[in-house]
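First the proteins, then the strands, lettered A, B, ... as listed; each starts at 1.
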Amino acid sequence: MEKSYSHKEIEKNWYKIWVENDLFKADNKSKTTPFSMVLPPPNITGSLHMGHALTFTIPDIINRRKMMQDFNTLWLPGVDHAGIATQMVVEKHLKKEKGLAKEDLGREKFIQFVWDWKKKSEKQIIKQIDKLGLSLDWTRMKFTLDDDMKKTVIRVFVQLYKEGKIYQGTYMVNRCPSCKTVLSDLEVDHREIHGKLTYIKYPLKGKKDDFVVVATTRPETMLGDTAVAVNPEDERYKNIIGQELILPLTNRVIKIIADKRVDKEFGTGAVKITPAHDPNDYDIALKHNLKSVRVIDHNARMTGPIKKKFIGLDRFECREKIINDLKKLGLIEKEEDYVHNVGHCHRCETMVEPDISKQWFLKTSEIAKPAIEVVEKNNVVFIPNKWEKVFFNWMYNIKDWCISRQLWWGHRIPAYYCLECGQIMVEEERPPKCSNCNSTEISQDVDVLDTWFSSALWPFSTLGWNVNSGDFKTYYPTSIMATGFDIIFFWVARMIMMGVHFTGEVPFREVLINGLIRDEKGQKMSKTKNNAVDPLDVIDKFGSDALRFTLAIQAVPGMDISFSMNRIKGYKAFANKIWNASRYVIMNLKGDENFNVDFKKISDTDKWILNFLNNITEKVNDLMDNYRINEAADQIYHFFWHEYCDWYLEFAKNDIDNIDTRKVLKFTLFRLLQLLHPFMPFITEEIYQKIKINEDFLIQTKFPSFNSEMFFIDEYKDIELLKKIIMETRKTRTENRIDPNKKIDIYLKSESEKEREIVSNLLRYFNFLTKSISTEIKNDFSNLPKGFRGVCLNWEILLPFSNNSDRVKELKRLKKEVDKAENQIKKLGEKLSNKEFVTKAPELIVIDFKKNLQVLIDKREKIQKTISDLS
RNA sequence: GGGCGGUUAGCUCAGCUGGUAGAGCAUCGGUUUUACACGCCGGUGGCCAGAGGUUCAAGUCCUCUACCGCCCA
């Protein structure tokens, strides 16, 4: 084995070998219990970030263990076409490369261009994912725009249309002027803006010097005003309701109307009504039968029946001009600083523009109900549970979903229009002629579907629901969906709705929600803040195993993770420790060791480690079954380093010539590699190859579980006692500055004959670990040389002085010790003299306290006796 | 305005159904002993945000307060 651990060397080749050996390939005809997941498909535009690393590593740990437990596993990978994101990126790319806009190419050529680009980009992200070593079945990889995915999307759309759940309608929706498409409510982020509230005077018709003052954050929309509204209860305006105003900068006459939705406290209490460009105004206008005047176009430029000089101006440019013009006319009363919430595009952060247009919608009320029910009945379980509330809250208030997008890259909407009679036909295949007038002049809707529409079908579309495939029959419903809380609405809720509606079954039984990765200071990682840590850099520096372990041990379900370089450094050191411990074991093997350990022949220390390992194995299984991956990782970490390495390997150095101990060494290492494998697949595989007996790869071995043959409680307790005496001896040595390399004589004392016998049988370990030349076990310390004392349980330790100044030092220290013991005795005594505690607490607890008290009292006495001996 | 988290060692964080507080890094002292200095041995460091309550017993359960963060409207 190489002398030093090199993550780069180890992590270089294994993934390829695993994949080539079909280790992750599912077999839908297997008879064992299915366990399946689908990967949240990353965007083809994307590159791997820490969020991915976390959301992918956790299910990989789960999946690898399930594989080792002989489940019939499938973990299906895929990538997402990510409509808006991809189109934007490729458009930029096209501009840069060829100086062309997508319109220059035309729709078909542009889409071809995107496909070419997709092939490269997809390879890139898959290459990055490979570095994490995920146990994905690449033979089943899907892309959201694959032909079979397309077929499913179309079938679903048509069915929903025929059920009346998809409809076309003209409503006010959010439009992003930069992405040039409408958005769903979810794709709009509300952000606080420090803006201005402008008070504009609208003159009353026929009364030049009489005004109604309205306050607005968007003066440019005044050109589209068709009324001014006041609250009917507002005394200030009661007498002018119904009167007419002259809209400045236009010659239009508008009315003053009353509506109780107007907030008397806002501004002057009188508000301008712009039905075409504000959702509230739109509602009010509907009720009052107001005209709608459109003055802003799809690109957020001014348009409509307005003065020529405004036409074509950007909305913000126009705002300045309007304010200037009004100032000149003396129609601006004042401007105030004002903080308000404004919608921004989720994708590009541009301020969205409310806009009336004809779009496709999915009616959600009916399909939401069964989706709520399956969660209520725990057919779908959120982990941690608190996210259910978030889910319910959104589902109870769900609004119809605007699913059409003015993009080219995506699933084309299967709606066809007759150019002759205007008939709308929604069909899976393009109809050859109009169903109404038989015309053959037919064109397809130019819009595509919201990317999340196809995502919502992902768990069943990828498994082949459309053709009722073997995979679908075996692996659906899937077992777990692991994802981030930020897409519970976007994705999880919609998958549940669609899954239940179309398959009659839940898409997954459990939803594992993980937290956000933050930087060391707890700040959100983002490109703009420049605090994002690239997982590939981390893997390069510390290794995939170290990164995976770091994420796992910190992944408290549902909690954010502060990513700290210092921490990963620590787990890289752990990998190094694993490497070296294994190296030691392997170096000492003689080749005649197998895993058939004869439990009758092995030593007490062997039994101790087997018993301990057995306990840890049980705990790890239990924790992992409950998704407490972080605690499982912690258990293994501690056991490997601080029990197996610190103690067992040291114990075993004394018995290395014994074949039975060597067998245990090899066997325990094997078990530990198995436990660790889901967390650190690379290093464990590398080492396994050097000690393997049967299975070719570690993942093919059976994950350990509790074994009643490895239950050695007496030996376990004996060795724990020995450890404590050794620790106390070491402490006494260092505290008294006895040269650590000096071999010395040691005396031990206990009044218990049984314990004396136990320890005397283990003396070779004691001598080795405390650097003792010879150790004598006594039941009495009189007639021995004076020395430093240590007390541990009912044992005493004596290390002879080398000179008189040692004696003085020791006396001083012992007095301190007495004080310490005194304090603890007082504390416990108080507790035990409390009648309520003694009568009400469980007996075992009370006995425990009493035992501890006795131990302390003994300790105090012993020290006091020593003091009088030394004085 | 409604809801949800967080506040534990110098820093970043664990701590399940209540039973004398843990990890990584940092720090201090010792140590180059043939698995490992990415190490070994030993130590320092916490009225678990504050107040009240339930209980024999509270970091853990309940109530309130403060500060920090997130989601929804």
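Taking 4.0 angstrom as the limit, A:Tyr637 places a side-chain polar atom (N or O) nearer than this to OP1 or OP2 of B:G24. Contact annotation: A:Trp641 side-chain N/O to B:C40 OP1/OP2 distance is under 4.0 Å.
Where A:Lys386 and A:Asp634 meet RNA chain B, the nucleotide closest to each residue was compared, and A:Lys386 sits on the side nearer the 5' end. Remark on RNA chain B: of its neighbouring residues A:Arg583 and A:Trp647, the 5'-side contact belongs to A:Arg583, judged by nearest-heavy-atom nucleotide.
The side-chain tip of A:Lys653 points at the ring of A:Tyr584 from less than 6.0 angstrom away and within 45° of straight on.
Looking at A:Arg494, its side chain never comes within 3.5 Å of a backbone N or O of A:Ile488 through a donor-acceptor pair.
Among the atoms of the strands shown, base atoms are found under 4.0 Å from some heavy atom of A:Lys653. Residue A:Phe574 is classed as having no contact, given no heavy-atom separation below 4.0 Å to the nucleic acid. A:Glu650 comes within 4.0 angstrom of a nucleotide base, judged by non-hydrogen atoms across all strands. At the heavy-atom level, A:Lys731 lies under 4.0 Å from the strands shown only through sugar-phosphate atoms. The residue A:Asp646 sits close only to the backbone: its heavy atoms come under 4.0 Å of sugar-phosphate atoms, none of a base. Among the heavy atoms of the strands, none lies under 4.0 Å from A:Ile553.
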Exercise for the section: Please test A:Asp545 against A:Tyr571 for side chain to side chain donor-acceptor pair (under 3.5 Å), starting from the C-alpha separation and ending with a verdict. Expected result: CA-CA 9 Å; A:Asp545 282 332; A:Tyr571 296 115; over 6 Å; no
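Contact annotation: side chain of A:Lys577 to base of B:C36, donor-acceptor pair present below 3.5 Å. A donor N or O paired with an acceptor N or O is not found under 3.5 Å between the base of B:A23 and the side-chain atoms of A:Glu631.
Among the nucleotides B:C16, B:G39, B:C41, the one closest to any side-chain atom of A:Arg628 is B:C16. In this structure, the nucleotide among B:C72, B:G24, B:A35 sitting nearest to the side chain of A:Tyr571 is B:G24. Side chain of A:Asn580, nearest nucleotide from B:C36, B:C72, B:G39: B:C36. Comparing atom distances between the A:Arg567 side chain and each of B:A35, B:C40, B:U12 picks out B:U12 as nearest.
Rounding to the nearest 0.5 Å gives a distance of 11.5 Å between OG1 of A:Thr550 and CZ of A:Arg548.
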Completion exercise
Pairing string of RNA chain B (Watson-Crick or G-U wobble, both atom distances under 3.5 Å; | = paired to other strand) is (((((((..((((.....[..)))).(((((.......))))).....(((((..]....)))))))))))).
